[in-house]
Every structure is written in structure tokens, then in C-alpha cells.
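Down below is the structure, laid out as C-alpha cells.
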Amino acid sequence: MSILIDAETRLCTSGITGREGTFHSLRNRDYGTQVVAGVTPGKGGQDVEGIPVFNTFHDAVEKEGANTAMVFVPPRFAADSILEAEDAGIELIICITEGIPAHDELRVYNTLKKNGRARLIGPNCPGILSPGKASVGIIPAMFFGEGNVGVVSRSGTLTYQIGYVLAQSGFGNSSIVGIGGDPVPGTDFIDVLAMFQEDPETELIVMCGEIGGDAEERAAEFISASVTKPVIGYIAGFTAPPGKTMGHAGAIVSGSSGGAQAKADALQACGVTVGKTPTQVAEAAASLLRV
Amino acid sequence: MSILIDAETRLCTSGITGREGTFHSLRNRDYGTQVVAGVTPGKGGQDVEGIPVFNTFHDAVEKEGANTAMVFVPPRFAADSILEAEDAGIELIICITEGIPAHDELRVYNTLKKNGRARLIGPNCPGILSPGKASVGIIPAMFFGEGNVGVVSRSGTLTYQIGYVLAQSGFGNSSIVGIGGDPVPGTDFIDVLAMFQEDPETELIVMCGEIGGDAEERAAEFISASVTKPVIGYIAGFTAPPGKTMGHAGAIVSGSSGGAQAKADALQACGVTVGKTPTQVAEAAASLLRV
Amino acid sequence: MDLLEYQGKQLFARHDVPVPAGKPARDVEDAVAAADEVGYPCAIKAQVQIGGRGKLGGIKIANDRDEAQEHARAILGMDIRGLTVHELWIEGASQIASEYYASVVFDRSAKAPLVMLSTKGGMDIEQVADEDPDAIAHLHVDPLLGFQDFHGRRLAFEAGIDDDVVRPVAAMLAKLYEVFASEEATLVEVNPLIITPEREVRALDAKVTLDGNALYRHGQNALLRDLSAEDPQEVMAAERGLTYVKLDGDIGILANGAGLSMSTLDVVAEAGGTPANFLDAGGGSRADAITAAVEVILSDAKVKAVLFNIFGGITRCDEVARGLIEAFARIQPQVPFVVRLDGTNGEEGRQLLSEARLPGVHTEVTMDDAAAKVVELALGAGG
Amino acid sequence: MDLLEYQGKQLFARHDVPVPAGKPARDVEDAVAAADEVGYPCAIKAQVQIGGRGKLGGIKIANDRDEAQEHARAILGMDIRGLTVHELWIEGASQIASEYYASVVFDRSAKAPLVMLSTKGGMDIEQVADEDPDAIAHLHVDPLLGFQDFHGRRLAFEAGIDDDVVRPVAAMLAKLYEVFASEEATLVEVNPLIITPEREVRALDAKVTLDGNALYRHGQNALLRDLSAEDPQEVMAAERGLTYVKLDGDIGILANGAGLSMSTLDVVAEAGGTPANFLDAGGGSRADAITAAVEVILSDAKVKAVLFNIFGGITRCDEVARGLIEAFARIQPQVPFVVRLDGTNGEEGRQLLSEARLPGVHTEVTMDDAAAKVVELALGAGG
């Protein structure tokens, strides 16, 4: 088992004919993901190493049965591409694109929520990896093996780092989900925690947060109320000075809430083991799983 | 029993301090409706013959437990008033106002549908009368008595006319619902038909349509599939020439569909008895209820 | 409110929808001057609020000044399906490589705007819809979200328009939607939407219906109303807050509410009469509105008898009676009236009428009896 | 992108938000000319992207030309919480009957804009929120629907502002929301929003943050960026597509991705070091970005050692290695580097570095070891 993506995933990449779109679509296919289509307006009828390209998501759904979208187009086109995928009936949309205007994200989030048809992962996220089953996005899959640790993270490279440390400690993963660090993520920690809670393969959950917003605090409450599996938390940004933007639009410390210590405290208060470094996370995982 | 309004109704009138707003609020109260509040921005703290006036619907809900709104403000303020009522948690909003811009209606309809919290009746409708229980709107209640005929209509005065003929033939009403003749009614025939189907008191349903749109055709399909109670239909506009607007923005005959004959045919094909005049409707009701 | 072609194009131009340059004209002299300014060849186009004028000779190409004068003279004053041409639009003749059809309409069933695009432009689109429905690409737009780029692309690809104009045509659709939404139109139609040999996209026609209820928010559009192109009695009625539609018969009809008014026409027709008009005195008819209504009804010389059918809700029957008494005092009608008053303050109204003893005014209790009576009176008058 | 007060006010003026008339000035002479033009008394206001300047002497009232000169001279060049004043805004002094607070902010938790109004204007609003939260009326706006009239009325009534200004203040909130939505701001704050003795509503201050990601749609706003008011190293980094934040320590840090970059700072701090900066080389760091990053990091003279912590996803470690080699070729760094490369093409990257034998470059396998090593090197260099 895994969450969100697996052997049934039929992926369509928006922006497949771009450099990165091609590179990662082929990597995802090499990993074993069914990459059934790509979308580039005006290039319908072409193919990318055998992957058929369509003008619209609607065609990709109709002709190839695509059920998952990966959005790789530049930020000014990304909101439109997500909305098109949803309109075409795609149920899971993974948006890798970074730098989408915040008001676009607001509009997209609220439209998808209103319609209730599709789940968005990201934007500004590395994607999802369900080791041994499917990889959608840019997560370097070769470092991760099948296993029973579910990982959910706001950060891309930090996810790889933590997953890698876990792998070196002998842990594999059910799924690794990057939810992205943007102001309006399509999917929150809570959504993914609920999925891991339901997933029979997942025995331990690692949750990587960072400063800014209150997603970690809300996740802590949810864990306390609804998650019975052990959760290990990690928060990046202890060293960030207040009021400075650290790259992710999300990573802004405002007032007393949203700081790394406040988040770590909130998680610990809800029974989550919080590691101070990626290495501590792996150690905590080891000790919890061996109990 | 009745539908939509009854002794539990706690009405708040928007525009209560206007001439018509005052007149009809007091009439509704005289009929026995609990008229608990009014809203007129800037007149909070005043009262209209004992009915307290508030600045906002939120205050009316909080302080008087209003659960039903009647909107009586001029067309340019009506959309805002409906949206305010919904935002304040009112579950049933009856908009009497005529002449609301069509794009306002579109925005209001789609917002209410999105949020799923409130039902709108109207706009451009005469309101609802549940004889012996409550009256909200401008229906001249004195002509109607309690009984087992449910009436739903796109037209105001036509409703009174038909209800009156029925009353003279000895029939009383469970509820009389004017859904209004505007391009985007908040509530359709189908919604009200479903309520009458569920209402134990209603034994016969009279549905008054008119030319324009396809609401009657869709209602016919719904009746065929889901209504087991007898339904009598009436369609106004047989004499209307194609392409002319007959008062209601809705009453436009376009192409072959939307005409009175097409609607009457559609209803009859679904087992609905269609009267050609209000008198025929009453006669049909008499023969059906006496079976 | 239906706009004339040139008014629609001026609206389009405000939203950067490309249209041919042109000028309006109301007489031959202005038309020739406009043609000189626009240059030759140019199109001389009748401005009437009805389709199909091309086939009826309402659009002609002038290759020089003489032709411009000749065509303007021919078209001005001509009758197109009952409408007289008072105004022309003279625009540069466009070269056409392809003709498409594009529209945004208010779809009442879906409660959403519907956008359509077809390569079968320049034809009667209803005929296309009947004979080859797949030739029209269409989709609904979520009014809370608005028109998105993908809507335009999808329509363009599905309609099968030429590859090289997918982007500009999609962009044009976005602009037409903007006209629809921001001007609060209920219809925006371009037929044909043309592609020039230089592969430019252009709106060669414009059919725009604005929502009259929203005009207060669009002062510039409210000025576009062309009263001279409308029926004078309907204009008179509208000025007095009444909805009046002229019909072919001889029985003048006044009722309150659109539904009851239409029902009254039907009942009169069932009784063997022919209505002269539809007149909805509105929801809250007051005395002065009733007086005005009588004036409007009687301004039609064909009327031989008048039926008042009032069932009072907001309308109070005593006000209607007062209005009728006032109207009789002012204009002394020469035709018989049948009056049926019921509903709010019905008794007071009937009482007032009975006391006033107006000449030729009959009262009836039921709608059916009133209809029968007025038909009888009209036949008597006509016979 | 944070706007200066006067830029925010110019933006406001475009959306019909009433603001006092004024002029910007960059030197004393211009400031006096501006004051003459604006008239006396006028306010001479330091333009810096930080709050609380009033208490620190950054706003002064000039009653005549001499005072204008004196104040302009005093304020220009002064240091306000670490920022040097390069620019002034001179505006007519306003008479104040009441001071309110109004704002529209991007609420990440609710995923909706949050609008606030309070009668406790002119104060630190966070303090008001702590001490008297009921004094701030607030509500979320559905971004698909937008700000409605009732939102404004409700805020005005709930905040308890004076009855006679409910309508204009509500209208002002609608305009501020329009600024927020149409200019794609993430913050629009007015403190104080004043009522003059003539009962006019006016924005006396303007704090606007625009979404840098959306500037491409707002060409006019993109021009407002004031590079002179920003940290020169951060500007240099941003021009090269890097996110750089200067900190107080002596260990230069480069990582890829915001989360890993922050985590790297934390791990260095855990190891006893003090980071000199945050530098996120971005998701797809190429060789030239890495070269630029090294230049930015070393432009801070305090840096005694540099840590590269790269875990490759989109970023390919061989590109990072090439960038580092290129940087060394170009600028010959004088401080030691610790490099940790792992992830995509990690082996190729490490291989390239090992072959290049760059002076003073140490490679480590784990993030913890790399942090320990760079701390050791920095201490050694500093010791």
C-alpha cells in the first residue's frame, strides 16, 4: 500500500515538452510510473520519447485515461494548467512549479475546494514518491526503498535529506509527500496525516515542518485528536531571525506564533517526538520502530 | 405540516423601514408570522411598531434568533442583502425585489450553491404562504385556507389567481411558493416539487409555469422520475408571439423550446394534467382529489 | 437592451476587441462623407436590431463615392422585417480568409455563461446547431472563477480552427467574455469572426444585449439606447414604468404581473378574442400608473374594447379603481371596458367603480366571465 | 516587495483612496521646494520600510520654510532601526478628529484575505490585539466572491466607529480591498486612517506589500522597487536568482531549497557555529548560479569559512561541482570550504571536485560531519 500514487496512477505532465518537464517525466517513467500523456498547447499529435502529447488535458483524459497530473509549466501558466486539469476530471494534481503568484494560489485553492473534485499537491513541491510503485515529481527516487515510514514535508531538499538519513538507518518508506512551502498549499499536513493513519503499510509518520504559518500547530492538534500511529516531527528554522523571509514565501516568522520553537513545543505537547537535526529524526525513528 | 415556513419561522426583513417593507412586514406579522427583526443599516436601535431594527443581519441573528430573511430593498442593494443574510447564517432567504441585475443573480446563486448553507426563494417572487401557520412576502393571505394542495409558481399574481380559483372550489393549501420569474431563480420547480412530495399534508401539487427557459421541461422529467403525488400543471403564454419579452425577464420564447405548447406537452408526456385556464386547473384538481 | 451593430463594435473597441474602423451616419450626405473617410472599398451596413439583413439587401459594398451614395440612399429608410433603417454604419471592407462564429450567452438552465465557437461562421448558427451540432464547440464558465486561458484554448482546439490562429482566437474569446461580464451583457455574439489573409482576427459583426436592470452601473452604455429604433408605444409605456408589447388584435388588455397578464391573453384567446397588446402594470400598480396604462392602450387605434384583469397582491384594487376613474376623467375613452378586480382591497375598488358610474365600464367577478364579456363587446363593436 | 509610504499612497490614489497631497524628495533643496508647494504646516516624513519611525524622530511637522529645511536636514541620512533614510515624503499636515486602523492581509491559515478595522488607530496594532482584542473588528472575505458592501458595513458597525462616517469608512475598506486584490498585494495597511474635523476619511499612512511573484502582471508597480533601500548583497543575490538573507555570524552557507537551507543553519548552530547568511541556491541550481552564490557569500567580509550543503533533486550535484570549480577559477577564495554533495549525480559531483583539487576545499559525506567540520575551520580561522 501507499498513498496518493501507486501502480494505478496514469500520469499526464503539463509542460512535457519543456526541458525539465521532459527530463522528469522520463525519469518518472523510468522509475515505473505509467506516464501516459503530456500536454503542451499547440504540440498535440507529437510525442516525447513515445509519450503522446495533447493540446488539452481533456484530450489526455479522454484518449489516455490520465488520472493524475504533474504541472511543470512556468509560474505564470501554472494556475491555468491546474484549473484545466481539474476541469478535465483529473483527480490528483501535483504542481512542481515554484513562484506562482499568491493570489493565483488563492483562486485555485478556493475553486478546487468549491468543486470538491480534485486534490492539489503543492505548488512549489517536489512531488510524491511511493517507493517501488510510482514516482511523480522530482524526488530523487534512488535513495528510497519500500518500507513502513510515511514522510510528509513542506520542504523538498529537506525531505530528501531526512528520507536519506532514514534510508541509511535501514528504513524504507510507504510514501513520501512534499506538500510544498507556498502560502496556500493545496494539501495540508492534516490531509496527509489522515491518509497515513488509514494506510495499513505505514507504521510511523515523519512530518517535516518549517517556520511560518500555523500548519504545524494545526497538525499537532489533529495528531492529538486523530492519529494513533507514532509521529516524529522536525522543524527547520530555529536559527532564522524574526521578520526575515527565508526563501519560501511561507517561511516568515510573525509575532510569537509561527516560530520554530513554538511549533516544536506544540508538536511535543501533542505527543510527537521532535528531532532537532535530521540525524536525530532517524535515531528517533529507529528507537520507536524497534519498541 | 407545510414546507419552508411555519410556526417556527423567525423572520427578519431587510429594508423594513421602507414603505413596502414596513407594510408587508406588519401584514405578515398580523397573519401570525413571527417577525422578530428588521435590518436597515444606520437605523439599528430603532423599531417598527415594536419590531426591533438592526444594522446588520448578523445582529438580528445573534440578538433575535432570526432564521428566515425577507429582502425588500431596491434592486441595486438586493444582492448584497441576500449575501449578508447568508453570511449571517440565515437558512431561508426570500427575495421579493424585482429588477435585480442578471449578473448579480448569477453571482448570488453560485455563491449560495457553493457554500450550501442557505436556500434562496426568488428573487422577483411574491414569497411563501403556509396557510394558518405563516406568511412571508406579499401573497394576499386572506384568500387562502389550510388544505392539501401545494402550489408552486413562477408568477405572483397568477399564483393568487389560481389559488383563489382553487379556494372557491373548496380547496385549501399546504403551502404556496412563488419561485419568481427571473433568469436565475434561487429555487427551481424541482426543489419545491421534491419538498411537496415529502410533505405528508400535501396530496396534490399545482405547478404554474410560463414561457421561457426550460424549468418546466426539467420539472416534467423530475415528476416522471420522483413524484408520486398527482400534479396539475398550468402554463401561461400560449398567446405570446415568439421573440417578444413579456415582462418577466424569463418570459422569452427562444426557438422551438421554451414555448407554452412545448412545456404543456412535456408535462403531459410525464403524466401531468395540464389546464389551459386557471378555471380548468381548479376543475382538474377537483376531479383528481375526489377520485 | 439590444445594441445596434456599431454600438456593439464601439463597446468591443473599449475592451480591445479588434473591429474594422468605421463611422455611423444618419443621412446620405454623412454616409458619403464617412465612406470617403473610411476609404474604398467600404461596407454600407443597415443598423437594425434584427438578423439576416445581409440577405435582404441591408449590407452593400461600395467601391467608390457614387456607389456609396447609391447604396446609402437605397438602404436608408428601407424596411427590414418590419424595422425601418434610420442609421447606417460605414466601415472599411475586410478581406476574409476564414469566417468563424463566437458567442457568450447567459444560459439560464446551467445558471452560467455559455461560450461557443464554430468554424461555421457567417451562417445561421441555429441551422448549424440543428444540422451539425458537433461543429459548435461550447463550454460553460464558472461565473465565480471567470474565463480562464484554458477555456479559450479548449474551444479553439475543439472547434478545429486553423492552428496558427489558436492563440489569437482564444485571446479574442477571453475579451468577448470580458465584455459580457464587465458590461453585464446577456448576449455577446460575433458572426462572423473573421481571419484576414494577413491572419489577423477581427469581429466583423457585433450583436450585444445588455441587461437593462444593470444599466445604472454603466452610465456610458445607458446613453446608447436608441429610442427611434423602438416601438413608440412601447417606449411611452416603458417611460411610465409599464411593460407593454404590441400585438395584432383588437382587445386592449391590462393586468398586473407578467404571469397573470400572459394568462389573461390566453383566456381571451380561448374565449375567441384577439389581444391587441400585453401590458403588465407591475407589482405595485398605483393610480397614476393605471392612468398612464389606459393612455398607452388607447393610443393603439385598433383597440375596440379593453379588459382590466387585476388580482391584488402588492397592487391594491382601490388604487387601480382610482386610476381608472382618473383616466376616464382625463381622456374620455370611446371604447367599452370590462373590469375585473379581486384580491387586496378588492371590495373597496369595486365599490369605488360602482360609485363612479363610468360610461361603458362593465364589471365582472371571474376572469373567465370577464374574458367572455370583453370578447362579446369587441365583436359587437367590430360587427 | 514592501513599498515605501509614498509609493503606497500613489498606489492608493490610483484606486481613489483619499490621501493627503504630497511630494517625494531626495535632498534638502527638493524637500524645501516640495514643502513650499504643498504649503505649511506640512509633515516631513522619513521613507523607510520599517514601522515606528514617528517615535524615533522620523516624522516632523514644519510650520514654515526654515523648519522644513531644518527637519529635512535632520531626517535625511538618519538611521532608523538599521535603515538609512535616503528619501522624504512631504505632505500637507492633516487635522485629525479620529484615528482608526484598517488593513487587508493575506491570511494563510484561513486561505482567504482578512480585513480588519479598529478605532484604536495610530497605535501598535499588535499591542491592541494583545490587550483589547475586541477592539479590532475583523472578517474573512471569500476570494471567489470578493469584498461585498455588507462586509464594509459590518466591520464599521462592529468596530463602533462614529455613525456619521460608517458609509465612507465602509467605502474606504472596499477600495483598500480593491488595492489588495487588483494589485495582488499580500498586505495593505492604513494606520492611522483618519477622520478630519470636516468628517472626511483619509489614509494618513500606507503600508503595502506586493507579491513579487505577480509583478510581471503589474508593470507600473515593478518600477517602484527601490534598490537603494535594500541590502546591497541581497539585491545582488536576487539579481542572480538566489535568495540571500544576511545574518550576524561568520560561517557562509549555501544549500539548495529553503527547508534544507534553514536546516543547515540549525545544524551549524547546533554544532556551535554562527551562520553568516542564509542562501538558497534554488531548486535547479546550475553552475553559473553556484558561481554567483560564492561571490555573494564572500562579499561579506566577516565570513571565515563556507559550508556547501547540497542534496540533489532537480539540482544536479555535478552542476554544483562545476559551479564551484568555476568560482574558484574566477575569484580564488581565501577562506576554507566544506562541501557536502549528495543526491542526483552526487557521485559525479564528488568525482569532479576530487579531480579539481581546489585549495582549501574539504568534502564530507554527512550533513552533521560537514557542519562540525566547518565550525572547526571557522573557529580555527577566527582563533
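Predicted, not measured: the structure shown is a model, and the values here were computed from it. So you know, we letter chains A, B, ... as the sequences are listed, proteins then strands, and number each from 1. Side-chain atoms are counted along with the backbone in the values below, which use heavy atoms only and exclude waters and symmetry mates.
Within residues 173-211 of chain C, no residue has any heavy atom under 4.5 Å from a heavy atom of chain A. Residues of residues 52-70 of chain A lying within less than 4.5 angstrom of chain C, judged on heavy atoms, are A:Asn55, A:Thr56, A:His58 in numerical order. Identified by a heavy-atom distance below 4.5 Å to chain C, the contributing residues of residues 77-89 of chain A are A:Asp80, A:Leu83, A:Glu84, A:Asp87, in residue-number order.
For the atom pair CD1 of A:Ile100 and SG of A:Cys95, the computed distance is 4.0 Å after rounding to the nearest 0.5 Å. Distance CG/C:Leu117 to CD1/C:Ile136: 10.0 Å, rounded to 0.5 Å. In this structure, CD in A:Glu216 is found 12.5 Å from CD in A:Glu221, a value given to the nearest 0.5 Å. With values rounded to the nearest 0.5 angstrom, A:Glu91 atom CD is found 11.0 Å from A:Thr9 atom OG1. Residue A:Ile16 holds its CD1 atom at 4.0 Å from CD1 of A:Ile51, rounded to the nearest 0.5 Å. Expressed to the nearest 0.5 Å, how far CD1 of A:Ile176 lies from OG of A:Ser2 amounts to 11.5 Å.
Contacts of A:Thr157 classified as side-chain hydrogen bond (donor to acceptor under 3.5 Å, both in side chains), with partners at least two apart in sequence or in another chain: none.
Side chain of C:Asp107 to main chain of C:Ala110: a donor-acceptor pair is present (N/O by atom type, distance under 3.5 Å, no hydrogens or angles). Under a 3.5 Å cut-off, the side chain of C:Gln47 and the backbone N or O of C:Lys45 do form a donor-acceptor pair. Side-chain atoms of A:Thr159 come within 3.5 Å of backbone atoms of A:Gly156 as a donor-acceptor pair (strictly under, hydrogens ignored). Panel note: side chain A:Arg154, backbone A:Glu210; a donor-acceptor pair is recorded below 3.5 Å.
Residue C:Leu144 touches chain A through its side chain alone, counting heavy-atom pairs closer than 4.5 Å. Contacts of C:Asp149 with chain A are made by both backbone and side-chain atoms, with heavy-atom separations under 4.5 Å.
C:His138 has its side chain out of reach of C:Ser118: every pair of non-hydrogen atoms, C-beta onward, lies at least 4.5 Å apart.
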Steps toward salt bridge (charged side-chain N to carboxylate O under 4.0 Å, His left out) verdict (C:Arg53, C:Glu5): CA-CA 11 Å; C:Arg53 70 201 149 136; C:Glu5 173 199 4; 2.8 Å; yes
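Closest of all the heavy-atom pairs between C:Asp162 and C:Ser98 is OD2-OG, 3.8 Å.
Counting heavy-atom pairs closer than 4.5 Å to chain A, the top residue among C:Arg154, C:His151, C:Arg153 is C:Arg154.
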